[in-house]
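As structure tokens, the structure follows; a few thoughts come after it.
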There are 2 protein chains.
Amino acid sequence: MFEKYLKQLKEKNLKVTPQRLEILKYLDEHRTHPTVDEIYQNLKKNNPSLSKTTVYNSVETLDQYNIIQSITITGNEIRYDFNREMHHHFLCKTCGEIIDIDVTCPMQDNMLNCKHQIDEVHWYFKGICKNCLEKER
Amino acid sequence: MFEKYLKQLKEKNLKVTPQRLEILKYLDEHRTHPTVDEIYQNLKKNNPSLSKTTVYNSVETLDQYNIIQSITITGNEIRYDFNREMHHHFLCKTCGEIIDIDVTCPMQDNMLNCKHQIDEVHWYFKGICKNCLEKER
DNA sequence: TTCTTTATTTGTAATCTTTACAATTTAACA
DNA sequence: TGTTAAATTGTAAAGATTACAAATAAAGAA
Ligand SMILES: [Mn+2]
Ligand SMILES: [Mn+2]
Ligand SMILES: [Zn+2]
Ligand SMILES: [Zn+2]
């Protein structure tokens, strides 16, 4: 059940703790780009002794080791994504949902050829999602 | 001296206040993508009665009316940019500078053809800037 | 110019997110 | 089973942003 997450932690020589496993499982099963508070509130139900600081510490570590990625699209809070493969995000200003956008640009490699060392690429699109557009009519 | 900013406010039927003019001038002359606090601390020197709430209110209004744009690259704070033309940003994780990146993607129009209504496009690159790379050696 | 209306500015307090830190607990390994 | 370093926890502090009501000022009419 947790083997997959356990393996990811061991590969990076990170200690395997129940908290880290639960956080990884939550992110894997909830691909909605949740905030620390969302993760914390939900995991606390079955793990009442969980500390919010642990969630902060864990997602920071998992992010640093590239097991998950962080999303800063809203500006007010950091969101987390189990999927660390390169993909992009759309924020609906009406419903607040953050939707995955899979596009690639043929210029991508050219862009990375500038004089700076580029480690991360994030594309953020903002507008109104198709669901909200339909409801509007 | 302030004619340019005055014109931008009038075009959008926004009231012309000394605070808004000073904020626009500051952003025009400091293309470093400053935070609200940076704008506030610097303008306060010559306008001691300025309130930080006014800076928050003003940049929010200017952003809503597309006179400036907001940048959420760091996740911890919102930064503001006088240049509202589409261009992108690089964050140096070493020195913290946010540098303009001017690239365009030939796929851009295709990307915008998805089922969602896309109003804003932000590309954020993160890594180490060329200055910091040189210093490292 | 003066008056009136309405929006803006101001200061304070409250909220929300994140970080600091020290004590306690626990994972990993001998 | 014991040792050690790292993770977890709870509390407090910091930092960014928002809420709100009173004071002020911009814009347009008279
Ligand atoms: Mn995603
Ligand atoms: Mn810029
Ligand atoms: Zn929506
Ligand atoms: Zn740098």
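Chain identifiers are assigned alphabetically (A, B, ...) following the order of the sequence lines, protein sequences preceding nucleic acid strands; residue numbering begins at 1 within each chain. The analysis underlying the following values was restricted to heavy atoms, covering all of them including side chains, and did not include hydrogens, waters or symmetry mates. Just so we're clear, the structure is a prediction, and the values are computed from it rather than from any experiment.
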side-chain N/O B:Thr17 vs C:dT8 OP1/OP2, d < 4.0 Å: no
Side-chain (A:Arg84) to main-chain (A:Asp81) donor-acceptor, under 3.5 angstrom: no
Side chain to side chain contact (heavy atoms under 4.5 Å, CB included) against B:Leu6, all qualifying residues, sequence neighbours excluded: B:Lys10, B:Val16, B:Leu21
Atom-pair distance (CG on A:Leu50; P on D:dG10), nearest Å: 9 Å
C:dT26 OP1/OP2 closer than 4.0 Å to side-chain N/O of A:Gln19: no
Spacing between B:Leu21 atom CG and D:dA27 atom P, to the nearest angstrom: 9 Å
side-chain hydrogen bond (donor to acceptor under 3.5 Å, both in side chains) pairs, two or more places apart, involving residues 38-48 of chain A: A:Tyr26-A:Asn42, A:Thr35-A:Glu38, A:Asp37-A:Gln41, A:Asn42-A:Lys45
Side chain to side chain contact (heavy atoms under 4.5 Å, CB included) against A:Phe90, all qualifying residues, sequence neighbours excluded: A:Cys92, A:Ile99, A:Ile101, A:Phe125, A:Cys129, B:His116, B:Ile118
Interatomic distance, A:Asn47 CG vs D:dG10 P [rounded to whole Å]: 12 Å
Which residue lies more 5' along DNA chain D, comparing B:Leu14 with A:Thr61 via nearest heavy atoms: A:Thr61
Which donor-acceptor pairs under 3.5 Å do side chains of residues 60-69 of chain A form with protein atoms, sequence neighbours excluded?
from: A:Thr61; atom 1: OG1; to: A:Asn57; atom 2: O; distance (Å): 3.0
from: A:Asp63; atom 1: OD2; to: A:Ser70; atom 2: OG; distance (Å): 3.1
from: A:Gln69; atom 1: NE2; to: A:Asn83; atom 2: O; distance (Å): 2.9

Sidechain N-carboxylate O distance under 4.0 Å for B:Arg20, B:Glu22: no
Sugar-phosphate or base contact per nucleotide [nucleotides 13-20 of chain C; S, B, -; heavy atom under 4.0 Å]: ----SBBB
At a cut-off of 3.5 Å, list every protein nitrogen or oxygen paired with a nitrogen or oxygen from nucleotides 3-6 of chain D, distance to 0.1 Å.
from: D:dA6; atom 1: O4'; to: A:Lys15; atom 2: NZ; distance (Å): 3.1

Whole-Å gap separating C1' (C:dA27) and CG (A:Leu6): 12 Å
Residue pairs involving residues 90-102 of chain A (criterion side-chain hydrogen bond (donor to acceptor under 3.5 Å, both in side chains); sequence neighbours excluded): A:His33-A:Asp100, A:His87-A:Asp100, A:His89-A:Asp100, A:Lys93-B:Glu120
Distance, rounded to the nearest Å, where B:Asn57 contributes CG and C:dT10 contributes C1': 10 Å
Nearest-angstrom distance from the residue atom CD of B:Glu22 to C1' of D:dA26: 17 Å
Sequence neighbours excluded - ring pair (Phe, Tyr, Trp, His ring centres under 6.0 Å) pairs with any residue from residues 91-112 of chain B: none
Separation of C:dT9 P from B:Ile23 CD1 (nearest whole Å): 7 Å
Inter-axis angle, terminal five-pair segments of the helix from C:dT1-D:dA30 to C:dA30-D:dT1 [nearest 10°]: 30°
Whole-Å gap separating P (D:dA26) and CZ (B:Phe2): 13 Å
Remaining members of hydrophobic cluster (4.5 Å side-chain criterion), B:Ile73: A:Ile71, A:Ile73, A:Leu91, A:Ile98, A:Tyr124, B:Ile71, B:Leu91, B:Ile98, B:Tyr124
Counterpart residues, side chain to side chain contact (heavy atoms under 4.5 Å, CB included), relative to A:Thr104 (two or more places apart): none
Other cluster members, B:Leu133 - Ile/Leu/Val/Met/Phe/Trp/Tyr, side-chain contacts below 4.5 Å: B:Ile128
